[in-house]
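Values reported hereafter were calculated over all heavy atoms of this structure, with side chains retained and with hydrogens, waters and symmetry mates removed.
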Amino acid sequence: MARRVLLKLSGEVFGGGAIGIDPDVVNRIAAQVAEAVRDGVEVAIVVGGGNFFRGAELSQRGMERGRADYIGMLGTVMNALALQDFIEKQGVETRVQSAIAMSQVAEPYIPRRAVRHLEKGRVVIFGAGAGMPYFSTDTVSAQRALEIKADIVLMSKNGVDGVYDADPRTTPDARKYDDVTFDEALQRGLKVVDAAAFALCMENKLPMIVFGMEGEGNIARALRGERIGTLVHAGSATTTGEAP
């Protein structure tokens, strides 16, 4: 049976740290996804939209939260279409499924159709988040992974290569976990991903890999199942060191 994965890509990745889309960055991501597909991996992707708009931040500046979130969802569709174009230039078929009706540019989100696409070797890119405000794309990643019966959720991160006992960007001696259980992460207050996404994965025993985007070929390595980043799972865990 083919390995089926759900890859979460943040919107900030698409912009290379700036507003908009950086074609060179998206092309590198597409090449790695295509490489994994050619190796027989079934790949579904959830994209964020933070390189265009972030609903939560817009609402803090006075915009009504629901409307701000819908604007953010439109940003994710733009990223999904860009990623589709670059993956297809690699010779791999794709389908974009949107949680908001956009029949001229994307299919509606239909889980069984998504599974069929994956079985045929197509990459499925999920856009428009959950189609509802107040849901992060982290949460959508967990929900979509469960519906398509993915084996694992791959959460790519910017500037950090896994889960640590403290923020490695502010704590130089922070220690990285090779793997950790959901219970241990909760008890130690480790900020892995959005709390709702974490709860969905924990309740359904869906393992998660948290890994860094930085590094040559990291996405392809994670998609193929190579040991990278931090594994968060339901069973017993070993770590690189005991957290304080």
[X] versus [Y]: any side-chain heavy-atom pair under 4.5 Å?
X	Y	value
R116	I110	no
Y164	V160	yes
P207	L231	yes
Q97	I125	no
V123	V37	yes
P23	V26	no
Y177	L190	yes
I152	L154	yes

Looking at every non-hydrogen atom in both residues, tell me the closest pair between [X] and [Y] and how far apart they are.
X	Y	value
I209	I228	CG2-O, 3.5 Å
C201	V153	SG-CG2, 4.4 Å
S10	S156	N-OG, 4.3 Å
T76	G48	CG2-C, 3.5 Å
R113	P108	NH1-CD, 4.1 Å
A34	Q90	CB-CB, 3.5 Å

- V46 and L7: CA distance, side-chain angles, deciding distance, side-chain contact (heavy atoms from CB on, under 4.5 Å) verdict: CA-CA 6 Å; V46 169; L7 172 65; over 6 Å; no
- Item | By salt bridge (charged side-chain N to carboxylate O under 4.0 Å, His left out) - contacts of E93 (at least two apart) |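 For E93, the residues satisfying salt bridge (charged side-chain N to carboxylate O under 4.0 Å, His left out) (neighbours in sequence not counted) are R95, R122.
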- Task: Please name all residues satisfying salt bridge (charged side-chain N to carboxylate O under 4.0 Å, His left out) with D161, sequence neighbours left out, ordered by chain then number.
- Result: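 Expected list: K176.
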Is there a path of hydrophobic side-chain contacts, each under 4.5 Å between heavy atoms of I, L, V, M, F, W or Y residues, that connects [X] with [Y]?
X	Y	answer
L200	L206	yes
M202	V180	yes
V105	L74	yes
I71	Y134	no

Check for a donor-acceptor pair, side chain of [X] on one end and backbone N or O of [Y] on the other, with a separation under 3.5 Å.
X	Y	result
N51	I19	no
R4	I148	yes
D22	G16	no
R3	L223	yes
T171	P168	no
R144	G129	yes
T181	E184	yes
R38	V92	no
E88	T94	yes
T230	G162	no

Nearest 0.5 angstrom please: [X] [atom1] to [Y] [atom2], how far?
X	Y	atom1	atom2	value
D194	M155	CG	CE	8.0 Å
H117	R112	NE2	CZ	13.5 Å
S141	M208	OG	CE	8.5 Å
E12	M213	CD	CE	11.0 Å
I45	L6	CD1	CG	9.0 Å
S98	E107	OG	CD	10.5 Å

- Item | Ionic contact status for D165 with R188, cut-off 4.0 Å | no
- Query: Ion pair present between D24 and R28, side-chain N to carboxylate O less than 4.0 angstrom?
  - Reply: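 Salt bridge absent between D24 and R28.
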- Task: Please step through side-chain contact (heavy atoms from CB on, under 4.5 Å) for the pair K149 and V115, ending with a clear verdict.
- Result: CA-CA 8 Å; K149 296 179 171 54; V115 169; over 6 Å; no
- Task: Walk me through it: do F86 and I29 pass the test side-chain contact (heavy atoms from CB on, under 4.5 Å)?
- Result: CA-CA 9 Å; F86 281 98; I29 293 171; over 6 Å; no
- How is the hydrophobic cluster of F135 composed, in terms of its other members, when Ile, Leu, Val, Met, Phe, Trp and Tyr link through side-chain heavy atoms under 4.5 Å apart, directly or indirectly?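 Cluster partners of F135: M132.
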- Item | Residues forming a side-chain hydrogen bond (donor to acceptor under 3.5 Å, both in side chains) with Y109, sequence neighbours excluded | E147
- Task: Verify the distance criterion only: is there a donor paired with an acceptor across the side chains of K8 and T137 at less than 3.5 Å?
- Result: yes
- Item | Criterion side-chain contact (heavy atoms from CB on, under 4.5 Å) on E42 and V5, from CA distance to verdict | CA-CA 6 Å; E42 296 178 0; V5 303; over 6 Å; no
- Message: Applying side chain to side chain donor-acceptor pair (under 3.5 Å) as the test, list every pair that has at least one member in residues 199-224; sequence neighbours left out.
- Response: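 As it turns out, the side chain to side chain donor-acceptor pair (under 3.5 Å) pairs with a partner in residues 199-224, which skip direct neighbours, are E35-R224, N218-R221, R221-E226, R224-E226.
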- Can you list every ring-ring contact (aromatic ring centres under 6.0 Å, His included) pair that touches residues 192-230, not counting sequence neighbours? F182-F198
